[in-house]
J.: 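Mind having a look at this structure? Questions to follow.
Keep in mind that the numbers below use all heavy atoms, side chains included, and drop hydrogens, waters and symmetry copies.
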Amino acid sequence: MTARQTETVERLLAAGAEELRVTGAEALTIRTVAGRAGVSPATAYTYFASKNHLFAELFWRAVLTGPQPAPVGATPVERVCGVTRHLTALLAASPELAAGTTAALLATDADVARLRLRIGGEFAARFRAAIGDAADDVLVETLALAFSGALLQAGMGLLTYTEMGERLDAVVATIMRGNA
């Protein structure tokens, strides 16, 4: 992208985050984000094909660019729990983004599918780093599947993101049994 295109995308993302905070996930539209960013709806749609795409990008950026503390703990279980607690705290701190992200990541459009893979890859990389040398592919995939399922449960309103972090401690310990 050119510098101008990059600046437009950044303005749209900032406007999207603000619009999400002010109006919530249900009321947000690409048109309202475009207005807040000072660009035409057609320009906004050039960069974000749907609000699901926008939500997925906002979540990806929050996960990627937010604080990423190094895994801390004496055991792999403690370190993985630290990773899940950090990610759930990120979601708990931004309920509007969490609400929009749940539905967005289930969308079938290609832009969301691409970001879903990147987000899943980032989760797996963090779990792998927290586990250390004992990180085999099946263990990492199992943790990622458990975390994704917990995200869905919280997104459906069955538990809060804070509760999700607490409950994942037992799930992680069970999955990691014999690998700690």
J.: Under the ring-ring contact (aromatic ring centres under 6.0 Å, His included) definition, can you give me all pairs with a residue in residues 79-116, not counting sequence neighbours?
T.: none
J.: Keeping to residues at least two apart or across chains, list the side chain to side chain donor-acceptor pair (under 3.5 Å) pairs with something in residues 104-114.
T.: none
J.: Restricting to pairs with a member in residues 46-64, which pass salt bridge (Lys or Arg N to Asp or Glu O under 4.0 Å), not counting sequence neighbours?
T.: Glu10-Arg61, Glu57-Arg61
J.: Which residue pairs satisfy the salt bridge (Lys or Arg N to Asp or Glu O under 4.0 Å) criterion with at least one member in residues 121-132, sequence neighbours excluded?
T.: Glu122-Arg126, Arg128-Asp137
J.: Identify, with sequence neighbours excluded, every residue that meets side chain to side chain contact (heavy atoms under 4.5 Å, CB included) alongside Thr2.
T.: Arg4, Gln5
J.: Holding to ring-ring contact (aromatic ring centres under 6.0 Å, His included), I want the full list of residues that pass it with His53, two or more places apart in sequence or in another chain.
T.: Phe48
J.: Under the rule for side chain to side chain donor-acceptor pair (under 3.5 Å), what residues qualify as partners of Arg11, not counting sequence neighbours?
T.: Glu7
J.: Donor-acceptor pairs are to be reported for all side-chain atoms of residues 96-105 against protein atoms at under 3.5 Å, with residues two or more places apart or in another chain.
T.:
residue: Thr101; atom: OG1; partner: Leu97; partner atom: O; Å: 2.7
residue: Thr102; atom: OG1; partner: Ala98; partner atom: O; Å: 3.1
residue: Thr102; atom: OG1; partner: Tyr161; partner atom: OH; Å: 3.3

J.: For residues 157-176, which residue pairs qualify under salt bridge (Lys or Arg N to Asp or Glu O under 4.0 Å), counting only residues two or more places apart or in two chains?
T.: Arg85-Asp169
J.: Just distance, no hydrogens or angles: give the donor-acceptor pairs under 3.5 Å from side chains in residues 26-36, sequence neighbours left out.
T.:
residue: Thr29; atom: OG1; partner: Arg31; partner atom: N; Å: 3.4
residue: Thr29; atom: OG1; partner: Thr32; partner atom: N; Å: 3.0
residue: Thr29; atom: OG1; partner: Thr32; partner atom: OG1; Å: 3.3
residue: Thr32; atom: OG1; partner: Glu19; partner atom: OE2; Å: 3.3
residue: Thr32; atom: OG1; partner: Thr29; partner atom: N; Å: 3.1
residue: Thr32; atom: OG1; partner: Thr29; partner atom: O; Å: 2.9
residue: Arg36; atom: NE; partner: Glu19; partner atom: OE1; Å: 2.7
residue: Arg36; atom: NH2; partner: Glu19; partner atom: OE1; Å: 2.9

J.: Output, in order, the C-alpha distance, side-chain angles, deciding distance and verdict of side chain to side chain contact (heavy atoms under 4.5 Å, CB included) for Leu54 and Ser50.
T.: CA-CA 6 Å; Leu54 176 66; Ser50 65; over 6 Å; no
J.: Run the side chain to side chain contact (heavy atoms under 4.5 Å, CB included) test on Val83 and Phe123 for me, step by step, so that the C-alpha distance in whole Å, both residues' side-chain angles and the decisive distance to 0.1 Å come before the verdict.
T.: CA-CA 9 Å; Val83 170; Phe123 291 162; over 6 Å; no
J.: Can you sort out the partners of Ser40 under side chain to side chain donor-acceptor pair (under 3.5 Å), two or more places apart, ordered by chain and number?
T.: Thr43
J.: Give the table of side-chain donor-acceptor pairs shorter than 3.5 Å for residues 141-155, with sequence neighbours excluded, one pair per line with atom names and distance.
T.:
residue: Thr142; atom: OG1; partner: Val138; partner atom: O; Å: 2.7
residue: Ser148; atom: OG; partner: Ala144; partner atom: O; Å: 2.9

